[in-house]
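Read through the structure below, which is laid out as structure tokens, and then see the notes.
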Amino acid sequence: MTEIQTISAWVDGGSPKSTDADLPEVPQFAAEWTIGEPDVVLSMLEPHAVPADGTVPYLYFTVPTNFTEDKWIQAVELRPGDRRVVHHVIATLQSPDPDNPPSPEASLKRKQKRTTGTLGGTVPNKLGVVYPDGVARKIEAGTEIVLQMHYTTIGEATTDQTTVGLIFRDAPPDRTVGGGVVINTKFAIPAGAENHEVRAEREIKEDTYLTNMTPHMHARGKAFSYSAVYPDGTEEVLLNVSNYRFDWQLTYEFAEPKLLPAGTKLVGVAHFDNSVNNRANPDATSEVRWADQTWEEMMIGFYSTVDAADVKKATTNNN
């Protein structure tokens, strides 16, 4: 009651400002890279023109690293040149194929490269990734980074030149980065549905440590949860994002890696709001299925891991 009277008296008195010394400190936001100053910055070779209108299919841009030796990556961040038009970026690694070395006549053929993993990705408001101590991702000498670019037009022509920032680790790590997805591409969200559920699951084949999770849906996304169903039948909720927003997609990290024994089922459950109550809904009158564009839908639960054998080895080495 005393607090209410204090606030009422302050309002009745014209809501006077107190001294600046009583204000909390202003938050400090990263002006450039959220991972810190990169050791190297790699860019698309030239800006890409994004039209004012229309649908832009997925585009792929190759970014050479020119690394002459293998590198261990401690942190990575993808920075769109114009975030307004970038729906997402997914970066994969293509390395020289030792079983099919290039010849002068065919040095540019794709068959002489092999995909050796993903480097990461970015979606609206996603920060860069800094791996925990002792964890890193390998990039082989001669690797190229292939950027899958999903552009969405905004009624204004612009250009984008996405860049990749990398921070290196001097020595090989104790643990290496892995990951995967729980994904469902065969759903149909009825017109007007307020809370339509879509499920997906994936069995973990070997003992694995889960490090983080990143739900991905589009404008009708409402909520997303991850659960582990262990081999003994018990179930544990690992993450529950009850208020998903497409324009504020986050990666959720464990304070300590979570062991998923072999045979565990990792389950993702998404809920979609295709009703008029969803102010972000492009069209509440249409059934919605999986497709690429922002006004369509996806159901993906990204996750990252470190290998359990690597964790055990690191623990042994530290004892």
Side-chain angles (χ1 to χ4, degrees), residues 1-37 75 77-80 82-88 122-130 132 152 154-156 189 192-198 210-227 235-256 258 268-285 288 294-295 297-303:
M1 187 65 179
T2 301
E3 291 87 350
I4 295 175
Q5 291 174 343
T6 300
I7 294 174
S8 297
W10 173 68
V11 173
D12 293 340
S15 307
K17 179 183 177 181
S18 183
T19 61
D20 289 345
D22 295 330
L23 293 173
E25 292 186 9
V26 177
Q28 299 298 312
F29 298 101
E32 294 295 334
W33 299 91
T34 64
I35 60 173
E37 188 63 29
E77 183 171 350
L78 280 69
R79 287 176 57 93
D82 190 339
R83 294 183 181 276
R84 300 175 302 167
V85 295
V86 176
H87 173 286
H88 77 242
T122 192
V123 289
N125 281 297
K126 187 178 187 298
L127 305 180
V129 174
V130 179
T152 301
I154 58 172
E156 172 189 339
I189 306 171
E194 295 184 357
N195 196 39
H196 184 74
E197 181 177 294
V198 179
L210 185 66
T211 57
N212 64 54
M213 296 156 286
T214 307
H216 178 69
M217 300 177 285
H218 292 176
R220 296 170 179 84
K222 179 179 181 180
F224 200 110
S225 67
Y226 292 74
S227 297
E235 184 171 355
E236 179 182 10
V237 176
L238 304 174
L239 175 67
N240 182 23
V241 180
S242 59
N243 186 23
Y244 175 89
R245 288 178 55 186
F246 173 77
D247 58 354
W248 198 257
Q249 298 180 55
L250 302 176
T251 294
Y252 299 84
E253 299 183 359
F254 287 103
E256 296 292 338
K258 179 73 172 178
V269 179
H271 287 91
F272 296 88
D273 185 353
N274 193 23
S275 74
V276 294
N277 297 323
N278 177 4
R279 290 183 293 177
N281 193 350
D283 180 8
T285 65
V288 183
T294 307
W295 57 87
E297 269 304 337
M298 288 187 176
M299 186 281 184
I300 310 175
F302 295 99
Y303 62 90

Report yes or no: does [X] contribute a side-chain atom to a donor-acceptor pair with the main-chain N or O of [Y] at less than 3.5 Å?
{"X": "N281", "Y": "V276", "answer": "no"}
{"X": "R220", "Y": "W295", "answer": "yes"}
{"X": "T34", "Y": "G128", "answer": "yes"}
{"X": "N195", "Y": "K222", "answer": "no"}

How long is the span from the [atom1] atom in [X] to the [atom2] atom in [Y], to the nearest 0.5 Å?
{"X": "T285", "Y": "N274", "atom1": "OG1", "atom2": "CG", "result": "8.5 Å"}
{"X": "F254", "Y": "L210", "atom1": "CZ", "atom2": "CG", "result": "4.5 Å"}
{"X": "M217", "Y": "M298", "atom1": "CE", "atom2": "CE", "result": "13.0 Å"}
{"X": "E297", "Y": "H216", "atom1": "CD", "atom2": "NE2", "result": "8.5 Å"}

_To check you understand the geometry: which heavy-atom pair defines the closest contact between F224 and P215, and what is its length?_
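In this case the closest contact between F224 and P215 is CG-CB, 3.5 Å.
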
*Closest non-hydrogen atom pair, D82 against V86*: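 Smallest interatomic distance, heavy atoms only, reads O-CG2, 3.4 Å.
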
*asked:* Test side chain to side chain contact (heavy atoms under 4.5 Å, CB included) on H218 and H87; report intermediate values, then the result.
replied: CA-CA 10 Å; H218 292 176; H87 173 286; 3.2 Å; yes

*For atom CD of E235, decide whether the heavy atoms of other residues, nucleotides or ligands shown that lie under 6.0 angstrom number more than 12.*
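Yes, the 6.0 Å shell around CD holds more than 12 heavy atoms from other groups.
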
*asked:* Which residues pass the side chain to side chain donor-acceptor pair (under 3.5 Å) test with Y244, not counting sequence neighbours?
replied: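 Y244 satisfies side chain to side chain donor-acceptor pair (under 3.5 Å) with Q249 once adjacent residues are dropped.
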
_salt bridge (charged side-chain N to carboxylate O under 4.0 Å, His left out) against R245, all qualifying residues, sequence neighbours excluded_ =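 Expected list: D247.
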
